[in-house]
Amino acid sequence: MSNSNDPSSNPQHDPQLGAAVANDTTSVFELLAKLVKSQNELVETQKDLAKSQKEQGQQMREFLERQEQRDLQQAKRDQRFQERQEQRDLEQAQRDQRFQERQEQRDLEQAQRDQRFQERQEQRDLEQAQRDERFQEQLAQRDQRLQEQLTQMGK
C-alpha cells in the first residue's frame, strides 16, 4: 500500500514527472501559439479574400456598366442606321413612283401621238382615195369625150 506521506508517491515531488509536465506545458503553449498564429493568418487570408472578392465585384460591376453602355450605344447606332435605311427606302420608293408616273405619262403621250398619226394617216389615205376616185372620174370623162370626138370625126 502506498503511503500518502511518502514524498516519492506524490507526483508533484517527482523531479522527472515535473520536468515532463513542464515540457508538456511548454509544448501546449507552443501549440497554442502556433494555433493562434495560424488563426491570425487565416483571418488575414479571409480578409484578403474578402477584399479581393470585393474588388472583383467592383470590377465586374464596372465591366457590366461599360458593357451596358456599349450595348446602349450600339442600340442607338442600330436605331439610327434603321431610320436612315427606312428613309433611303422611302426616298427610293418615291423616286420609283415618280419614275413610274413619268413612264406612264410618256406612254400615254406616245399613245396619243400614235393615235393622231393613225388618224392623220387614215385622213391622208381617205384623201388619196378621193383624189384617185376623182382622177378615175376625170379619166373616164376624158375617155368619153375622146370617144365622142372620135365618133364625131368618123361621121
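For reference, positions follow the sequence shown, starting with 1.
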*Hydrophobic clusters join Ile, Leu, Val, Met, Phe, Trp and Tyr when side-chain heavy atoms are under 4.5 Å apart, directly or via other members; which others share one with Leu139?*
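Besides Leu139, the cluster holds Phe135.
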Set of residues satisfying side chain to side chain contact (heavy atoms under 4.5 Å, CB included) with respect to [X], sequence neighbours excluded:
X      : result
Gln92  : Arg95, Asp96
Gln97  : Glu101
Leu64  : Met60
Gln105 : Leu108, Glu109

*Report the residues that fulfil salt bridge (Lys or Arg N to Asp or Glu O under 4.0 Å) with Glu44, sequence neighbours left out, ordered by chain and then residue number.*
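Partners of Glu44 under the salt bridge (Lys or Arg N to Asp or Glu O under 4.0 Å) test: Lys47.
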Using the side chain to side chain donor-acceptor pair (under 3.5 Å) criterion, which residues pair with [X]? Sequence neighbours excluded.
X      : result
Arg120 : none
Arg145 : none
Asp143 : none
Arg98  : none

*Can you run down the salt bridge (charged side-chain N to carboxylate O under 4.0 Å, His left out) pairs that involve residues 54-71, sequence neighbours left out, and say none if there aren't any?*
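Pairs touching residues 54-71 that pass the test: none.
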_Return the CD to CZ distance between Gln56 and Phe63, rounded to the nearest 0.5 Å._
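Between Gln56 CD and Phe63 CZ, I get 14.0 Å after rounding to 0.5 Å.
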*Just how far is it from atom CZ of Arg77 to atom CG of Leu72, taken to the nearest 0.5 Å?*
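Rounded to the nearest 0.5 Å, the CZ-CG separation comes out at 9.5 Å.
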Please tabulate, one pair per line, all N/O donor-acceptor pairs under 3.5 Å involving side-chain atoms of residues 34-43, not counting sequence neighbours.
from	atom 1	to	atom 2	distance (Å)
Ser38	OG	Lys34	O	3.0
Asn40	ND2	Val36	O	3.4

_Are the side chains of Glu133 and Gln130 in contact, using a 4.5 Å heavy-atom criterion?_
no
*List the steps and the verdict of side chain to side chain donor-acceptor pair (under 3.5 Å) for Gln136 and Asp132.*
CA-CA 6 Å; Gln136 289 298 327; Asp132 290 348; over 6 Å; no
